[in-house]
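A short write-up of the structure that comes next.
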Amino acid sequence: ARDLGKYCVLPGGGVEQHGHHLPLDVDLICPGGIAKGAGMEIPDKLLVLPIVAYGYTGHVMDFPGTINNDFEHFMHHVLDITKSLAYHGFKKIVLLNGHGSNMPNLDLVARRTNLETDAECVLAAWWQLLTVDKAFLPRWRQSKFPGGCAHACELETSLYLYLDGDNVRKDKIQDGSISFNEDNSPFQWVDLFGAGPATVISWTSSYSDTGVLGEPSKATAEKGRRVAWIGIPRMRAIGPPRRMSVKAARRKPVAGQCRRNAARGLSNRLAIQSAANVKQITALAAGPRMPSAGAPNRRCRRTGTCRSRQ
């Protein structure tokens with residue numbers, strides 16, 4: 001796969017509640033379905049890895065069924081995967097996320113992968129792929145903005161109905177509000193496709209009774225099909241790694257160069273410090289310098305009088 005120039009897609013999400021109508025694996029089925037679809041479309045260019053199943057879901061732990069992965073453990077786990085792929089020679093890695101609260105953690109993983117390996121790592125949430133075509137969402141969406149698409153909502157429910165509709169409890173579908181959105185504050189509001197400039201995200205139960213944030217009543221399997229077949233081509237369009245500029249290539253250290261330079265600099269500093277220490281020790285060992293016989297008189301700087309060195 002590496003020799004064929006394939007790039008890797010690593011889907012990931014979390015296990016958490018999605019109201020009474022959706023299973024716990026929504027954040028796995030949605031990115032996994034889009035990644036698998038893209039892999040089937042272009043098998044000669046794309047390698048889909050097994051999904052990273054457990055993400056950062058600490059804020060939803062007061063809803064039964066949620067399984068949290070400490071954010072540091074989660075980041076190190078994904079970083080170990082990307083570094084392994086880079087070590088084996090893959091040049092581009094796409095992190096396809098399915099859980100909103102993973103985004104800041106995965107952003108750091110992608111940055112560290114880019115800085116610490118010679119691979120290029122990019123992060124995208126599957127719902128962000130829908131914003132490339134600016135005309136798609138206005139035609140597709142029927143729920144209110146903000147808040148109609150947030151969690152277990154019109155969007156997630158539609159895609160799940162298309163990918164695995166038999167596991168949706170359609171008789172349990174019920175809309176849910178985000179309490180602080182109803183305050184109509186220009187600073188604090190949330191939606192999958194935007195948020196206020198000073199939005200506080202805390203325990204989900206503090207602003208939702210059911211964990212449903214949005215309007216799943218407007219979801220249909222046909223809407224989910226349209227979402228999937230917009231998202232899949234977008235994965236294909238992300239494409240191979242960009243070509244590094246000449247300037248960036250010059251700045252990229254040769255393998256081992258940093259270690260050699262660091263060792264050389266440390267050696268020089270130690271040599272200088274050692275020479276200074278030897279000089280100081282030699283002076284201390286010699287003791288105070290005694291004047292020789294017949295030493296000339298010296299003028300006292302304070303009084304101006306002459307004095308002889310005794």
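Values below: every heavy atom of this structure, side chains too, minus hydrogens, waters and symmetry copies. Start at 1 with the first residue, then count along the sequence. Computed from a predicted structure; not experimentally measured.
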message = Walk me through whether F193 and L155 qualify under side chain to side chain contact (heavy atoms under 4.5 Å, CB included).
response = CA-CA 11 Å; F193 299 99; L155 180 58; 3.7 Å; yes

Next on the checklist: Determine whether F74 and L106 satisfy the following criterion, side chain to side chain contact (heavy atoms under 4.5 Å, CB included), listing intermediate values before the conclusion.
Outcome noted: CA-CA 9 Å; F74 172 65; L106 292 176; 3.7 Å; yes

| said: W127 vs N97, test: side chain to side chain contact (heavy atoms under 4.5 Å, CB included). Steps then yes/no. | reply: CA-CA 9 Å; W127 58 88; N97 181 42; 4.3 Å; yes

Between T113 and L95, does the side chain to side chain contact (heavy atoms under 4.5 Å, CB included) criterion hold? Intermediate values first, please. CA-CA 11 Å; T113 302; L95 304 178; over 6 Å; no

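The salt bridge (charged side-chain N to carboxylate O under 4.0 Å, His left out) contacts involving residues 56-78 comprise nothing, where partners must be two or more places apart or lie in separate chains. Within the structure, salt bridge (charged side-chain N to carboxylate O under 4.0 Å, His left out) contacts touching residues 162-173 (residues at least two apart or in different chains) do not occur. Annotation: salt bridge (charged side-chain N to carboxylate O under 4.0 Å, His left out) contacts involving residues 96-117, sequence neighbours excluded, comprise K83-E116, D107-R111, R112-E116. Sorted by first and then second residue, the pairs that involve residues 126-141 and meet salt bridge (charged side-chain N to carboxylate O under 4.0 Å, His left out), not counting sequence neighbours, are R141-D191.
For the pair N102 (side chain) and G13 (backbone), a donor-acceptor distance under 3.5 Å is present.
For W140, there are no side chain to side chain donor-acceptor pair (under 3.5 Å) partners two or more places apart in sequence or in a different chain. For D80, the side chain to side chain contact (heavy atoms under 4.5 Å, CB included) criterion is met by no residue, not counting sequence neighbours. Scanning for side chain to side chain contact (heavy atoms under 4.5 Å, CB included) contacts around S185 gives F187, Q188, with sequence neighbours left out. By the side chain to side chain donor-acceptor pair (under 3.5 Å) test, T199 pairs with no residue at all, sequence neighbours left out. Partners of E154 according to the side chain to side chain donor-acceptor pair (under 3.5 Å) rule, which considers only residues two or more places apart in sequence or in another chain, are S143, K223. When the side chain to side chain donor-acceptor pair (under 3.5 Å) test is applied to Y207, no partner is found at least two apart in sequence or on another chain.
Side-chain N/O atoms of T210 and Q174 include no donor and acceptor closer than 3.5 Å.
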Show the atom names and distances, to 0.1 Å, of all donor-acceptor pairs under 3.5 Å that link a side chain in residues 32-60 to residues at least two apart or in another chain.
from : atom 1 : to   : atom 2 : distance (Å)
E41  : OE1    : R236 : NH1    : 3.1
T57  : OG1    : I67  : O      : 2.9
H59  : NE2    : S101 : OG     : 3.2

Which donor-acceptor pairs under 3.5 Å do the side chains of residues 14-26 make with protein atoms, sequence neighbours left out?
from : atom 1 : to   : atom 2 : distance (Å)
E16  : OE2    : H99  : ND1    : 3.1
E16  : OE2    : H151 : NE2    : 3.1
Q17  : OE1    : G19  : N      : 2.9
H18  : ND1    : E16  : O      : 3.1
H18  : NE2    : D27  : OD1    : 3.2
H18  : NE2    : H151 : NE2    : 3.3
H21  : NE2    : T157 : OG1    : 3.0
D25  : OD1    : Y160 : OH     : 2.7

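If you chain together hydrophobic residues whose side chains sit under 4.5 Å apart, I232 and V122 fall into the same group. Residue M103 is not grouped with residue W126 when hydrophobic side chains (ILVMFWY) are merged at heavy-atom distances under 4.5 angstrom, including chains of intermediate members.
The CG atom of N181 lies 9.0 Å from the CG atom of L213; values are rounded to the nearest 0.5 Å.
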